[in-house]
K.L.:
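Sharing a structure here in structure tokens format.
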Amino acid sequence: MYAKAIDARKRAQADNRQRQSDQLSKRFAISTGLFIAIGVAALVVGAMARAGLSAAVVKPVNQTSHLRDPRITLTSGWSFNRCAQAAALLRE
């Protein structure tokens with residue numbers, strides 16, 4: 001009788017550990033999915049913010065093209081040397 005009670009207790013403990021393990025596995029899967037979803041949402045919001053900020057800066061610059069000195073070209077290859085050249089042209 002004592003052996004049966006011990007066996008039943010061990011089975012109950014093993015079942016309880018298995019249930020806890022299953023719950024933790026499900027929670028981990030949910031947490032991982034939620035983390036990925038938040039990361040993707042952050043990337044999308046960041047990309048949208050970057051596009052909006054870029055548009056907010058580029059549009060006014062493009063609208064002032066008639067004010068620019070034709071000797072100064074706006075390219076993506078700005079360096080300190082080009083900035084100095086542009087400043088010298090504007091001082092003339």
Side-chain angles (χ1 to χ4, degrees):
M1 177 132 172
Y2 181 73
K4 286 183 182 181
I6 293 292
D7 288 341
R9 181 172 180 226
K10 285 183 180 178
R11 262 187 263 114
Q13 286 177 338
D15 291 344
N16 190 27
R17 279 193 297 267
Q18 183 63 40
R19 233 179 292 113
Q20 286 177 345
S21 175
D22 292 342
Q23 285 178 346
L24 289 175
S25 181
K26 286 179 187 177
R27 285 182 187 171
F28 180 77
I30 290 170
S31 297
T32 303
L34 188 60
F35 178 75
I36 290 170
I38 290 171
V40 168
L43 288 173
V44 168
V45 168
M48 289 171 41
R50 182 176 178 165
L53 182 61
S54 177
V57 170
V58 170
K59 187 176 178 181
V61 168
N62 287 340
Q63 289 176 349
T64 60
S65 63
H66 63 282
L67 300 175
R68 272 192 234 132
D69 189 329
R71 296 171 291 177
I72 303 171
T73 58
L74 294 177
T75 63
S76 61
W78 277 92
S79 65
F80 179 75
N81 201 15
R82 286 192 75 133
C83 289
Q85 289 172 352
L89 285 172
L90 291 175
R91 275 189 234 123
E92 293 177 355

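These values consider heavy atoms only, across backbone and side chains, with no hydrogens, waters or symmetry-generated copies.
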K.L.:
Using the side-chain hydrogen bond (donor to acceptor under 3.5 Å, both in side chains) rule, collect all pairs that involve residues 6-20, keeping only residues at least two apart or in two chains.
P.N.:
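Counting only pairs at least two positions apart or across chains, the side-chain hydrogen bond (donor to acceptor under 3.5 Å, both in side chains) contacts touching residues 6-20 are Asn16-Arg19, Gln18-Asp22.
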K.L.:
What residue pairs, at least two apart or across chains, pass side-chain hydrogen bond (donor to acceptor under 3.5 Å, both in side chains) with a residue in residues 26-55?
P.N.:
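Output for this query is empty, none listed.
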K.L.:
My understanding is that a hydrophobic cluster links ILVMFWY residues whose side chain heavy atoms are under 4.5 Å apart, including indirect links. Using that, what else belongs to the cluster containing Ile38?
P.N.:
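Hydrophobic cluster check, Ile38: joined to Leu34.
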